[in-house]
Amino acid sequence: MGYKIEKATEIADNIFEFWINAPHITKNARAGQFVVIRINDSGERIPLTISETDGSLVRIVFMAVGKTTTYLSTLKSGDEIRDIAGPLGHPSEMGNFGNCVVIGGGVGIACLPILARELKAAGNNVTGIIGARNESLLLLKDELATHCDELVVCTDDGSYGFHGFPADILKKKLSDGEKIDCVWIIGPGIMMKITSMATIPYKVKTYVSLNPIMVDGTGMCGSCRVTIGGETKFACVDGPEFDAHLVDWDELMSRQRTYTAQEKESLKLFQDHQCSCGGDHHD
Amino acid sequence: MTKRAGDERIADFNEVNEGISEQNAVLEALRCMDCVRPQCTKGCPVNIDISAFIRAIAEEDFKGAAAIIKKDNMLPAICGRVCPQENQCEGLCVLGKKEKPVRIGALERFVADREREAGMTLPEIMSPTGKRVAVVGSGPAGITAAAELARYGHSVTVFESLHEAGGVLTYGIPEFRLPKEIVKAEIEQILDMGVELKLNHIAGRTVSVEELLEFDAVFLGTGAGLPSFMGIEGENLSGVYSANEFLTRVNLMHANAFPEYDTPVMKGSRVAVVGGGNVAMDSARVSRRMGAEVYLIYRRREEDLPAREEEVHNAIEEGVEFICCANPVKILGGPAVTGIECVRMEMCDLDESGRPCPVPMKGDEAVFTLDVDVVIEAIGQSPNPLLVSLIEGLERGRRGNVIVDEHGLTSVDRIYAGGDIATGAATVIEAMGTARKAAVSINEMLMKK
Ligand SMILES: Cc1cc2nc3c(=O)[nH]c(=O)nc-3n(C[C@H](O)[C@H](O)[C@H](O)COP(=O)(O)OP(=O)(O)OC[C@H]3O[C@@H](n4cnc5c(N)ncnc54)[C@H](O)[C@@H]3O)c2cc1C
Ligand SMILES: Cc1cc2nc3c(=O)[nH]c(=O)nc-3n(C[C@H](O)[C@H](O)[C@H](O)COP(=O)(O)OP(=O)(O)OC[C@H]3O[C@@H](n4cnc5c(N)ncnc54)[C@H](O)[C@@H]3O)c2cc1C
Ligand code: SF4
Ligand code: SF4
Ligand code: FES
């Protein structure tokens, strides 16, 4: 008993796209929500954003960073994972806001397609801004282009598109007096923190999707607590999207590092094991 | 019952209490006076026919004893281990007035363990009614409601958000008090009775409220899973846990066996557990087993500890250091915990519960600091709001609990509730008792139509 990976592809350097057969999730899934997966009986529960759905298939896109995501990346089309639960969290605030900007950094770009599609369907004018360190780390840009009225692509090193950060493009648009009604920023903590500062002077409603360490994802443990406007919230049930201007970023980023030593140990053990058995690591 | 020594126990997660032998079980059963009006049964929230099952043990008919218990309780191996018997069945046993009460819990456990080893028998199931019932949550309340409804011939689907069934039995109560193998075996019975169990299904998200209402009736058994925090400075430092998180990492995710299992936990070298209930005892004893020195900080006096006496003893035997009449005011450190600042408390006037009210003492001498690297807050849980806050018209009490009438019916037609979501954090057997009552009412409602 498990959930079948219908299609597994490496879509950018070390970034993987899986379509998983999970009809129980796709039925009620909305933009902004996530799943919790567990690969096998000894596995950890990890949260991943719902990137898109198609019939009974749910798409997740992840970067291989530690033991679980690296192990996941070795699975192939046709393999199964033990558990997938969701959709979890509140859906993104949805409505006809006018001009919306959706910004993705790194693997955070993966969260944008379903969001851009829903915003578009709700009647908004949607601008996408995506950024990655270099061209080999860019993902889903063709797909996003179909949902966005305008798509700006940036790379930190200038190997593709605009040479710079999404924050630069956002600042420019704002200072040029472009009318922006709502902004979403999804990416690494530091990128969300810096990019969201751009909208403060203009008082533009800005949402970010927070990614603290989670266990259950259902509000039962408090592992995911974050401070929003001085109040403790559980990101899995109160979020994961929050008003960017109220987030205590330093606390979030420091809590994310709680298990750094154990994570290193776990990944090393896995890689050593993988080498000794020729990379074939299927349960 | 036999118990291993404390320092030997903390070397592993094996069961502390080893149960009683057949010979002792029969001897103990012979102590029962087979009262005409047995008080013991009144103390049991599911009203097991205690004198009858004890008589069967005395006659060495263990299978018969199991059958009697299981008429009223499908989870006897669990209840025999975790029921606070001293306040329930055993608390009312007439023998308790002069000498020791009959050890009903131990006998129940003995019978259940015997049955499990010999192969379990299932209760009779009535012919299918064609009615469909949704049960939300697979803790003791959900399991009991499901079993009871299946027995009446209804088609039952249980939705559970986690990847394993059992609720607190699985993620909260540690292995050394309640082996998970036993939880699995007793839950397995409802699957054999034809109940459909859907794991990884969060009611309110995976299954919408409208979809739940497509069933002929709904039973809510979502428990009191929402952890409370003290609200003091430093609470979000790395190394501060709710008891729920700490226990879930260890019990459900096996973090004690990291890196064999992938989920990490900060074991800590010196751990402060805040609270004085059973959950605090469990957290402290788990910490001891992972090698930490453990302080348990409680704001009232030792004699006020709300935990079961037996669990307090176990914790003391295992080397947990109790610091009573003290309350944390600040957690020190950054980004990781380095200490906890506490203030001594004095007991003043009686509060509404009739206990003296703890009040912080004044002056610098009243403040002290403990060097610790992990803090576990076990100060209570409230009803899980995820689903119930989405149901329109569902009346809830001040503490978030779902309000039910004497039949377990909520303010919404066809929706019933039982267990901690209705009562607030209580006990396994009370959850089972309220769930059974609701199942009986659901059956009556369905069969009337
Ligand atoms: C709501 C949410 C949505 C997310 N969506 C995506 C996504 O779409 N794509 C993607 O690549 N990543 C996503 N993440 C992050 C992803 O969960 C982590 O990268 C993953 O858990 C790392 O696991 P690991 O064992 O491979 O790495 P580890 O070596 O264990 O950890 C690497 C880093 O990931 C974070 N992390 C570790 N364990 C967890 C955990 N249980 N929960 C959350 N974070 C953890 C920590 O900050 C850690 O430092 C999301 C996180 C959240 C909270
Ligand atoms: C650490 C600890 C130790 C304890 N020790 C004892 C003891 O020794 N003796 C004793 O009698 N009692 C003890 N208790 C109390 C006892 O465990 C509870 O009273 C009892 O488990 C309540 O049962 P329940 O079925 O109402 O809820 P729970 O056991 O909490 O089960 C609720 C279930 O519902 C699921 N759920 C919640 N929301 C949803 C949703 N929206 N969709 C799907 N599923 C959902 C949860 O995941 C969970 O599995 C202890 C409690 C704790 C926390
Ligand atoms: S279920 Fe609990 S209260 Fe009832 S008889 Fe057994 S031990 Fe006593
Ligand atoms: S009250 Fe005590 S002695 Fe009387 S029947 Fe019950 S267990 Fe036996
Ligand atoms: S992950 Fe457990 S409460 Fe949010």
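Chain letters run A, B, ... following the sequence lines, proteins first and then strands; every chain starts at 1.
For B/Phe219 against B/Ala417, the heavy-atom pair with the smallest separation is CE1-C, 3.6 Å. In terms of heavy-atom proximity, A/Gly187 sits nearest to A/Met192 at O-CE, 3.1 Å. When all heavy atoms of B/Ala272 and B/Ile297 are compared, the closest pair comes out as CB-CD1, 4.0 Å. A/Val215 and A/Cys221 make their closest contact through CB-SG, 3.9 Å (heavy atoms, listed as atom of the first residue, atom of the second, distance). A/Leu57 and A/Trp19 make their closest contact through CB-CE3, 3.7 Å (heavy atoms, listed as atom of the first residue, atom of the second, distance). Between A/Ala122 and A/Gly95, the shortest heavy-atom distance links the atoms CB-O, 3.7 Å.
Proximity of A/Leu115 to A/Met94: side-chain heavy atoms (C-beta onward) are separated by under 4.5 Å at one or more points. Looking at B/Val250 and B/Pro174, their side chains never come closer than 4.5 Å, going by heavy atoms from C-beta outward.
Only the backbone of B/Val265 comes within contact range of chain A, with at least one heavy atom under 4.5 Å from a heavy atom of that chain. The part of B/Leu237 that comes within reach of chain A is its backbone (N, CA, C, O), which places non-hydrogen atoms under 4.5 angstrom from that chain. With a 4.5 Å cut-off on non-hydrogen atoms, B/Leu386 touches chain A through its side chain but not through its backbone. Of the atoms belonging to B/Leu162, heavy atoms from both backbone and side chain fall under 4.5 Å from chain A.
When each of B/Pro264, B/Ala243, B/Ala257 is checked for heavy-atom pairs under 4.5 Å with chain A, B/Pro264 comes out on top. The most heavy-atom pairs under 4.5 Å with chain B, out of A/Gly219, A/Gly222, A/Pro87, come from A/Pro87. Here A/Ile84 is the residue among A/Ile84, A/Ile46, A/Val237 with the most heavy-atom pairs under 4.5 Å with chain B.
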Across chain A and chain B, what donor-acceptor pairs are shorter than 3.5 angstrom?
residue: A/Lys27; atom: NZ; partner: B/Glu211; partner atom: OE2; Å: 3.2
residue: A/Asn28; atom: ND2; partner: B/Thr206; partner atom: O; Å: 2.9
residue: A/Asn28; atom: ND2; partner: B/Glu211; partner atom: OE1; Å: 3.1
residue: A/Ser42; atom: O; partner: B/Asp262; partner atom: N; Å: 2.9
residue: A/Arg45; atom: NH1; partner: B/His163; partner atom: ND1; Å: 2.8
residue: A/Lys67; atom: NZ; partner: B/Asp262; partner atom: OD1; Å: 2.8
residue: A/Asp83; atom: OD1; partner: B/Asn200; partner atom: ND2; Å: 2.9
residue: A/Gly86; atom: O; partner: B/Thr206; partner atom: OG1; Å: 2.6
residue: A/Gly89; atom: O; partner: B/Arg205; partner atom: NE; Å: 3.3
residue: A/Met220; atom: O; partner: B/Asn244; partner atom: ND2; Å: 2.8
residue: A/Cys221; atom: O; partner: B/Ser242; partner atom: OG; Å: 2.6
residue: A/Ser223; atom: OG; partner: B/Glu245; partner atom: OE2; Å: 3.4
residue: A/Arg225; atom: NE; partner: B/Asn236; partner atom: OD1; Å: 2.8
residue: A/Arg225; atom: NH2; partner: B/Glu235; partner atom: O; Å: 2.7
residue: A/Arg225; atom: NH2; partner: B/Val240; partner atom: O; Å: 3.0
residue: A/Thr227; atom: OG1; partner: B/Asn236; partner atom: ND2; Å: 3.2
residue: A/Glu251; atom: OE2; partner: B/Asn236; partner atom: ND2; Å: 3.2
residue: A/Arg255; atom: NH1; partner: B/Asn236; partner atom: O; Å: 3.0
residue: A/Arg255; atom: NH1; partner: B/Leu237; partner atom: O; Å: 3.3
residue: A/Thr258; atom: OG1; partner: B/Ser238; partner atom: OG; Å: 2.8
residue: A/Tyr259; atom: OH; partner: B/Tyr241; partner atom: OH; Å: 2.7
residue: A/Tyr259; atom: OH; partner: B/Arg249; partner atom: NE; Å: 3.4
residue: A/Gln262; atom: NE2; partner: B/Val265; partner atom: O; Å: 3.4

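Partners of A/Leu269 under the side-chain contact (heavy atoms from CB on, under 4.5 Å) rule, at least two apart in sequence or in another chain, are B/Pro259.
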